[in-house]
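Here's the structure we're looking at; comments come further down.
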There are 2 protein chains.
Amino acid sequence: MLADTPDPPYVAVIFTSTRTEGDYGYETMAETMMELASKQPGFLGVESARDGVGITVSYWVDRASARAWKEVAEHSVAQRQGRKIWYSDYRVRIATVDRAYSMHSSTFDGQDATTTATTATPE
Amino acid sequence: MLADTPDPPYVAVIFTSTRTEGDYGYETMAETMMELASKQPGFLGVESARDGVGITVSYWVDRASARAWKEVAEHSVAQRQGRKIWYSDYRVRIATVDRAYSMHSSTFDGQDATTTATTATPE
């Protein structure tokens, strides 16, 4: 499901990973972490897919809430045990979303993005 | 494959989508677009997965190169024809990555992220 985030700016945590062979409780952990994330203060939404590479993008009101989630995740037993068991590699990128548009507010009809997109900092 | 991006800051274009039923040339278009992206000026890398939701995150040197890619993509026949044929919904988010770390430079060992992560703006 796609995340219905509010108008920018907000923060995206882009977590990309490759898995090791075998489950080792990974699926259960992943579901638990997703539930946990959605209960954190400042949570706006999450989008996730795995297909060779795994990509989970979680959205947060601000850096403080993204950072707080990071600490919760890192300190959870699941995450601390999982590093080498579950992942062969990963990247975490913290980013500020300052522009966003959806299928129904895009430039694909030839409209100008600067007038139809939700924009935090006009270009 | 995970993208080996340089130290932040750089720009991430987060494209998330849900598909319609049927291929309609989607796979071919997706591969072509990926090849096309990798040849654009300022391209740093891309990560992509589809599993119910599709997530493609492309990384760019700066906003100008991300914007140029967006225009190339939108003006390609594939992208213009594909909107309603291929996607039931999508979101595009443009974000500035200002912090990043990988499995081998993370805080999961109890180290302080501010000393081990590649950081554009120290917190």
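Here is the naming used below: chain letters follow the sequence lines, and residue numbers restart at 1 for every chain.
- For the pair A/D89 and B/H104, the minimum side-chain heavy-atom distance is below 4.5 Å.
- No other option in B/L2, B/T18, B/T56 has as many heavy-atom pairs under 4.5 Å with chain A as B/L2.
- In this structure a side-chain-to-backbone donor-acceptor pair under 3.5 Å is missing from B/D51 to A/A49.
- Scanning all heavy atoms of the two residues, the minimum distance from B/I14 to A/Y59 falls at CG2-OH, 3.8 Å.
- Contact of A/I55 with chain B is made through backbone and side chain together, with heavy-atom distances under 4.5 Å.
- Atom OG of B/S88 sits about 7.0 Å away from atom CE of A/M103, to the nearest 0.5 Å.
- When A/R91, A/R50, A/R93 are each tested for a salt bridge (charged side-chain N to carboxylate O under 4.0 Å, His left out) with B/E47, only one passes: A/R93.
- Note on B/A12, B/G52, B/S48, B/G54: by heavy-atom pairs under 4.5 Å with chain A, the leading option is B/S48.
- At a 4.5 Å heavy-atom cutoff, the contact between B/T5 and chain A is made by backbone and side-chain atoms alike.
- Residues B/F15 and A/M1 do not share a hydrophobic cluster, defined by chaining ILVMFWY side chains whose heavy atoms lie under 4.5 Å apart.
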